[in-house]
Amino acid sequence: MNSESQSQRQESDRLEKKNWFIAIFARPEIGPLGVMILLFGLLGYFSIPEGEFSLNPFAGEGFNALGIRNNFRVIAQLGIVALGAGLLIIAGEFDLSVGSMIGFAGGCMAMILKWGFAIVIPYISFQGGFHFEGLKIFEITDVSPLTAILITLCMTLSFGWFQGWVIVKSGIASFIVTLGGLFFLRGLTEVCYRAFNRAPDQTAGSTTVTDLPDIKNIINVPGHGEMERDAAKALPNEDLLEILSNVPAQTVAKLTEQLSYINEKVAANKTAIQAKKMVETLEKSLAGAKESGNESMVEILTKKIEAGVEVPAVAAKAVTDLDIAKAYIDTIYTARPVANFFGGDILEPVFDWLYFTADWNVNMFGNQFAKGMYSCLMIWLILALVCYFVLSRTQAGNWIYSTGGNLNAAKANGVPTNKVKISLFMFTAFCATMFAACQVFEVNTADTAKGNLKELEAIAAAVIGGVVLTGGFGSILGIILGTIIFGIAKEAFFYIPGIDGSFYRVFLGAVLVSAALTNENIRKRIMGSI
Amino acid sequence: MNENKKPLIEINNLVKRFGSFIALNGVSLDVYPGEVHALLGDNGAGKSTLIKVLAGVHPKTSGVISIEGKEVDFSTPRQATDVGIGTVYQDLALNALTSVTRNFFLGREIKKGPGPFGVMQMKEMNEITISEMAKIGINISNPEQPVGTMSGGQRQTLAIARAIYFGAKILILDEPTSALGQKQQMEVLKTIKRVQRLGHIAIILITHNEIHARLIADRYTFLSLGEVIGKGMAEELGGDDIKKLMAGGAEIGDLRDELGA
Ligand SMILES: Nc1ncnc2c1ncn2[C@@H]1O[C@H](COP(=O)(O)OP(=O)(O)OP(=O)(O)O)[C@@H](O)[C@H]1O
Ligand SMILES: [Mg+2]
């Protein structure tokens, strides 16, 4: 009897059915998720202004509209490169050249936008003494944002390909080859800046490009052609009124309504600020009176404060036609959608709604706080979605995991591991270029220091998110969590009273190492060695 | 019993050099369908090298390999699998960190869509994995479980099932029992026996375990220092002969006469 039931026991009976609770807590992402929630809590509660009390962490400054806008910009920018770095680590390699690649790509883009692009063949000339001459075989000036990005991509992807090729063909550790890339690209970028910025008298130029136009804000103003938004708003009054005269009445009505809403809001906030100031003045005098023992004065002031102060309401500014014209110019859609895609804002309607309807997104003067989220957030999320899909659902994903998990096994089963690695080196270069495009088109400047240390931050974010440095293990969800942790830590620690802001680095260092220990533990458990 | 059968794979005078080092010096052997051919020999005899040449990992230096009478020459492992050589390496070529199914289909994923960005058909792949493993005797509980959590015997079965599913007519097993416990060794031998009974698959088995060889081998070839020092059918060989030959053939001359090879 007993032996019969024994022999009918199947392998499948040995796996205990896990309930959902255990299943959730067994996921490797659970650790990073916990740290992330902790940081959000710290940021939320400690950024609540002194003297106010709230159970809602979103009442804090860290989570007001501007806080969200700025924090997610830091996170998204790091996130873009962390995705590339993470995938590459899963495939068993490193790229330390990411940071320099960001500087290089940003420099390329800015310089191409400013001076154009040319292919020059150098040769040695002896006419009038030994010197180099250049033969220009191709030149474009007045380059569009898209072309600038594409030319830059050609260069960065080739460099990524070259690094990958050297690594897979030679078998040299990617650490060394990309460390070389780190120095090479940073140096090359500096050299290029100085050379192209050179003054006519041949003194070395600066290592920045600053006077680019605000490309994403170039708009087509009716009757005036293309110009920057700010320039359009600074047009002579008669021109502005002329522009307004061609705007449909419905739009004008809507803009008027919005502007008067804003003006009323501003007036109301001004009144409130004045009342607050008045009370403060009274309280100060009261304290003074108490000190000097002026009994009657104390009495009068106390009564006055108790009665509450009445300040005359500040009248709302009237909406003028010029205001409407300028507001209209603000609504004109960009004539450079590519620049706007990388450097502009997204979710503006949502943030407008939050201001006009939800009455949130209001700064202390009554104006709209944030206009939207930075575009890099969208680019990060798009990239993350694509990476998630590729890594978890496609054949390429299985190849990436196996290339990092067991290179020889992957090779023996016909996985083109060299191609996988080279493609991923190109992908990190691609991510660095996207990062650079977001920066250049957002701030319209570039300099050599851009992207400094980003390669290490990206690796740290991936590791905190559960990626194992020896390869083969990790997930996109984890990388996203790791990025948020890395991006938010500085902000959260900034608000904790009584401690030095730099403690965030101490915290991140500890989190990084414990994450690495946990990851290694999980990996060993899966490998069957525990 | 196999007199009228044609060999599935014939190897003639195969030479493999690594630089000036002669790893294989004119090795010949024939393997028949439905038979287990034991390849025996001491450490460093060249067994692994021989199967790596057959698997397309190393190019041969000279000699002839023919499959079903046709001469073949491989420069990549892919070409070897394409003509039906399925190799189960000592390390099994498994990625312990990913699932059973992902390993089963590694490099040959069923997918819909363009190139490597095609979407893997996980459900179909899971089903095939379970049924193929069951065919040679192992019921796996969860095809999504990481291979690292499987037992050594299960991993062997996975690697063998994978090779057969992807059209292996010649199954090469490099020391499949070496790293296993007693019970799992027997499981693997049973699995090999089942594959043998399928009838159309020729199996080359490398082992250092004489008992295992005696349990399932139909034919033997003994290698020493890169050369064949003896071969024969299971019926013709006594236990002592096998022991001696496995150790590199202490009395090669005598044995040659005895075996009439
Ligand atoms: N890639 C290589 N380069 C140079 N020499 C090699 C290479 N591969 C194997 N050899 C040598 O060839 C000889 C045969 O090795 P092989 O691995 O085939 O032995 P084996 O019979 O499988 O031994 P074992 O029973 O220990 O697995 C050894 O001396 C080994 O050092
Ligand atoms: Mg061997």
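No experiment lies behind these values; they were computed from the predicted model shown. Proteins get letters first, then strands, A, B, ... in listed order; numbering begins at 1 in each. We use all heavy atoms of the structure for the numbers below, so side chains are in, but hydrogens, waters and symmetry mates are not.
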Check: So which pairs with a foot in residues 115-124 of chain B pass side chain to side chain donor-acceptor pair (under 3.5 Å), sequence neighbours left out?
Finding: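 Qualifying pairs: B/K112-B/Q121.
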
Item checked: Backbone of B/G107 reached by a side-chain donor or acceptor of A/N413 within 3.5 Å ->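 No, A/N413 side chain to B/G107 backbone: no donor-acceptor pair under 3.5 Å.
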
Next item on the list: Check whether A/L391 gets within reach of chain B through its side chain, its backbone, both or neither, counting any heavy atom under 4.5 Å.
Entry: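 Looking at A/L391, just its backbone touches chain B.
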
Among the options [options], pick out the one with the most heavy-atom pairs lying under 4.5 Å from chain A.
options               : answer
B/I110, B/N103, B/L97 : B/L97
B/N95, B/T87, B/T81   : B/N95
B/R78, B/K111, B/M122 : B/K111

Please give me the minimum heavy-atom distance between [X] and [Y], naming the atom from each residue.
X      : Y      : result
A/A412 : B/A93  : CB-CB, 4.0 Å
B/F117 : A/F389 : O-CE2, 4.4 Å
A/T394 : B/M120 : O-CE, 3.4 Å

Next item on the list: For atom CZ of B/F166, decide whether the heavy atoms of other residues, nucleotides or ligands shown that lie under 6.0 angstrom number more than 12.
Entry: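 Enclosed: over 12 neighbouring heavy atoms sit under 6.0 Å from CZ of B/F166.
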
Next item on the list: Could you check if a side-chain atom of A/N406 sits within less than 4.5 angstrom of a side-chain atom of B/L94, using non-hydrogen atoms only?
Entry: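 Not touching, per the 4.5 Å side-chain cut-off.
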
Check: Can you say whether B/V57 sits under 4.5 Å from chain A via the side chain, the backbone, both, or neither, judging by heavy atoms?
Finding: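 The answer is neither part of B/V57.
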
